[in-house]
K.L.:
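Supplied in C-alpha cells, the structure appears directly below.
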2 protein chains.
Amino acid sequence: MPDYTPPAPKSERILNAAEELFALHGFDGVTLRGIATAAGVDVALLNYHFGVKKKLFEVVFMRRAEILNEARLNALLEAEASSGGRPSLEQIVSAFLRPIQRFQLTGDEGWRNYLALVGWVNSSSVWGEEMMHKSFDPLVARFIEALKKNMPDADPQRIYWAYQFFSGALTLTLAQTGRIGRLSDGLCRESDVETVYDLMIPFVVAGFRKLCMEHPEGGA
Amino acid sequence: MPDYTPPAPKSERILNAAEELFALHGFDGVTLRGIATAAGVDVALLNYHFGVKKKLFEVVFMRRAEILNEARLNALLEAEASSGGRPSLEQIVSAFLRPIQRFQLTGDEGWRNYLALVGWVNSSSVWGEEMMHKSFDPLVARFIEALKKNMPDADPQRIYWAYQFFSGALTLTLAQTGRIGRLSDGLCRESDVETVYDLMIPFVVAGFRKLCMEHPEGGA
DNA sequence: GATAATTTTCAACACTTGTTGAATTCATCA
DNA sequence: TGATGAATTCAACAAGTGTTGAAAATTATC
C-alpha cells in the first residue's frame, strides 16, 4: 500500500466524537451509541478503550485540561518575569484568557468543542464540582495568589467573588449558546473570537479594580 | 373531617418536584419516574396533566418567568420614575438583580430551585436558546434599551457584549455549583444572598462604564 | 342519590439504555 | 508460517426509558 496520511486511530475518533456531543448535549443527553455512530465504530469499542460512560467523559475532559493549564501557567509566569514579579491586573487576567483565545484561533474544531464543554461543566451543579476542582482549581488557586499579591490590601473574599463573576462571564461565552447573537440581532457573534477577549479583559479588570481596590480590608 | 391545611394539589407537587430535579440534573438527567416518586404520585399523572416530558419542562420554566419579569419591569419603571426618566447605571443594574435577590431572600426553596434552573438553561447550548428567547429576551431588550439611553454615545455592540458578561456572572451564581465555596475554602458561600448582589452590582457597573463610556462610538 | 366529568391508578407497550462475553479480525514477531 | 496478544465486531442481556389505553376512584352537577 502506498504511503498516505492514516486516519486517526479509532480511540481518538471516539474521543473527538464524544467531545463534540458532550459539549452539545451534556453528559446525560448523549448515548454511547450516538458517540459510536458519530465516530464510525462499534459501541463495544467504547467500553473496551475507556470503560464505563463516566470514565469516558473524564478522559475527554482531562485530555485538553493539562494542555490548557500549562499554557495558562506559562503565560502567567511570563507576565511575572517581564514585570519583575509585579504583573499588572491586565496582565494577570490576560494570562488567564489569551491562551484560550489562541487555541480558539487555531480553528481546531476540537478545541472549540472542548471549551464549550468546559463551559457546560462549570455551570453544572452536581457534575461539575468535582471535575472542575480536580482539573482546574490548582491552577486557579495560583492565579488567585497572583491577584492577592497584586492587590495586597483587598479583602480576600472580594477577590474570590470577583473571580466568580469573571469565571461566569467567561463560562457563558465559552458555552456558545448563540443567545447574544440572537439578542443583538446578529450584531454580536460569539464566534468572533478576535474581539470578545479584547472586551472581556477591560470589563473584568474594571470590575476587579472597583471591587477590590476601592475598599480597604474589612470594609463592607 | 376537621378543617386543616390541605396538601398542595398533585399537579403542583409534580411541578415542584420537577423544578428541583431539573435544576439539579438538567433535562436529560431526570426521569419521569424520578419526578413522580419525588412528588408521591403515579407516573401516568405527569402525562395526564402536562403531556410529554418536554412540555412539562416548559411549564416548569414558564411558571415563574412571568412573575420574575413583572418584578423586574416594575423595578425598572420605578427607577425611571424616581429619576425623572434618567436612571443611573447602578439603578438599571439593580433593577435587574434586586428582584432576584428578593425572591431568594423569601427562603422559598421553589425560587432557589427555579433560579438554579434558569442558570442551567442559560448555559445550555441546544436547549436554552429558544426557551430563554421566548421567556426572557423581551424584557432583556427593554433593559438594553434603558442602557442605550443611559449611554447614548456608546457603541451598541459593546453594550451587548457587556450584557453578555453580566449575564454570565449572574448565571453562574444562580447555578449554585458550590465551586466558589470550595475554591475559597468556605470563605465565600453562594447561599450568602445578602452580600453577593452588593458585590455583583458594582462589579458589573464598573465593567459597563469601562467598556461603554470610555470609548466613543466606532472606537476599537 | 344517580349521572357525568374529572382525576388517579394499574399494567403494559415498544424502544432505548449501558454494559458484557464470546467470537473474529488484525498486527507483531519468533 | 504460526503463535501471541491486542483491537474490533457481533449478538445479546437486563434494566430503565417515555408513553399510552383502559379501569378504578374521586369529585362535581343536577
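We use all heavy atoms of the structure for the numbers below, so side chains are in, but hydrogens, waters and symmetry mates are not. Every chain is numbered from 1 and lettered A, B, ... according to where its sequence line falls, protein lines coming before strand lines.
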K.L.:
With salt bridge (charged side-chain N to carboxylate O under 4.0 Å, His left out) as the test, would you mind laying out the steps for Arg98(B) and Asp198(B) before giving the verdict?
P.N.:
CA-CA 9 Å; Arg98(B) 293 295 186 193; Asp198(B) 291 345; 3.0 Å; yes
K.L.:
Would you check if the side chain of Ser124(A) reaches a backbone N or O of Trp120(A) as a donor-acceptor pair within less than 3.5 Å?
P.N.:
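Checked: no pair found.
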K.L.:
Taking atom P of dA7(D) as reference, at what distance in whole Å does atom CD of Glu12(A) sit?
P.N.:
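Glu12(A) atom CD is separated from dA7(D) atom P by 14 Å.
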K.L.:
By nearest nucleotide on DNA chain C, pick out whichever of Asn47(A) and Thr31(A) is the more 5' one.
P.N.:
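The residue mapped nearer the 5' terminus is Thr31(A).
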K.L.:
Counting side-chain heavy atoms from C-beta on, which of dT19(D), dT8(C), dT17(C) comes nearest to Val52(B)?
P.N.:
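The listed nucleotide nearest to Val52(B)'s side chain is dT19(D).
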K.L.:
Any side-chain N or O of Lys54(A) below 4.0 angstrom from OP1/OP2 of dG18(C)?
P.N.:
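For dG18(C), neither OP1 nor OP2 has a side-chain N or O of Lys54(A) closer than 4.0 Å.
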K.L.:
Considering heavy-atom distances to DNA chain D, does Gly51(B) or Ala44(A) have its closest nucleotide positioned more toward the 5' end?
P.N.:
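Residue closer to the 5' terminus by nearest nucleotide: Ala44(A).
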K.L.:
If the plane angle is over 60° it's perpendicular, under 30° parallel, otherwise tilted; pick one for Tyr114(A) and Trp111(A).
P.N.:
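Ring orientation, 0 to 90° scale: perpendicular.
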K.L.:
Which listed nucleotide (dC10(C), dT20(D), dT9(D)) is nearest to the side chain of Leu45(A)?
P.N.:
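The answer is dT9(D).
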K.L.:
Reckon Lys10(B) has a side-chain N or O less than 4.0 Å from the OP1 or OP2 of dT9(C)?
P.N.:
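Yes, within the criterion.
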K.L.:
Please state how far atom NZ in Lys53(B) lies from atom P in dT17(D), giving the value in whole angstrom units.
P.N.:
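From Lys53(B) NZ to dT17(D) P: 9 Å.
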K.L.:
What is the distance from CZ of Arg13(B) to C1' of dT8(C), rounded to the nearest Å?
P.N.:
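Checked: the CZ to C1' distance equals 12 Å.
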K.L.:
Does Tyr48(B) have a side-chain nitrogen or oxygen under 4.0 Å from the phosphate oxygens OP1 or OP2 of dT7(C)?
P.N.:
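For dT7(C), OP1 or OP2 has a side-chain N or O of Tyr48(B) closer than 4.0 Å.
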K.L.:
May I ask you to decide whether Lys10(A) forms a salt bridge with Asp42(A), counting only side-chain N to carboxylate O separations under 4.0 Å?
P.N.:
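Answer for the salt bridge query: no.
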K.L.:
Just the rounded figure in Å: distance from C1' of dT7(C) to CZ of Phe50(B).
P.N.:
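From Phe50(B) CZ to dT7(C) C1': 13 Å.
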K.L.:
Side chain of Asp42(B), heavy atoms from C-beta onward: which of dT9(C), dG18(C), dC10(D) has the nearest atom to it?
P.N.:
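From the listed options, dT9(C) comes nearest.
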K.L.:
Picking from dC10(D), dT19(D), dC10(C), which would you name as closest to the side chain of Leu32(B)?
P.N.:
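Nucleotide nearest to Leu32(B)'s side chain: dT19(D).
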K.L.:
Starting at atom CG of Leu56(B), determine the distance to atom C1' of dT19(D), rounded to an integer number of angstrom.
P.N.:
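Answer to the nearest Å: 13 Å.
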K.L.:
Which pairs would a plain distance check flag for residues 136-149 of chain B, meaning a side-chain donor or acceptor within less than 3.5 Å of a matching protein atom at least two apart in sequence or in another chain?
P.N.:
unit_1: Asp137(B); atom_1: OD1; unit_2: Arg179(A); atom_2: NE; d: 3.1
unit_1: Asp137(B); atom_1: OD1; unit_2: Arg179(A); atom_2: NH2; d: 2.5
unit_1: Asp137(B); atom_1: OD2; unit_2: His133(B); atom_2: ND1; d: 3.0
unit_1: Arg142(B); atom_1: NH1; unit_2: Glu80(B); atom_2: OE2; d: 3.4
unit_1: Arg142(B); atom_1: NH2; unit_2: Glu80(B); atom_2: OE1; d: 2.9
unit_1: Arg142(B); atom_1: NH2; unit_2: Glu80(B); atom_2: OE2; d: 3.3
unit_1: Lys148(B); atom_1: NZ; unit_2: Tyr160(B); atom_2: OH; d: 3.3

K.L.:
What about Arg33(B), does its side chain sit under 3.5 Å from the base of dG16(D) through a donor-acceptor pair?
P.N.:
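Counting by modelled atom types and ignoring angles, no donor-acceptor contact under 3.5 Å is found here.
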K.L.:
Of Val41(A) and Val30(B), whose nearest nucleotide on DNA chain D comes first from the 5' end?
P.N.:
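The residue whose closest nucleotide sits nearer the 5' end is Val41(A).
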K.L.:
Does His49(A) make a side-chain N or O approach to OP1 or OP2 of dT8(D) shorter than 4.0 Å?
P.N.:
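Answer is yes, contact under 4.0 Å.
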K.L.:
Rounded off to whole Å, could you give me the CZ-to-C1' distance for the Phe27(A) and dT17(C) pair?
P.N.:
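Going from CZ in Phe27(A) over to C1' in dT17(C) covers 12 Å.
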K.L.:
In whole angstrom, what separates Ile35(B)'s CD1 from dG16(D)'s C1'?
P.N.:
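Spelled out: CD1 on Ile35(B) to C1' on dG16(D) is 15 Å.
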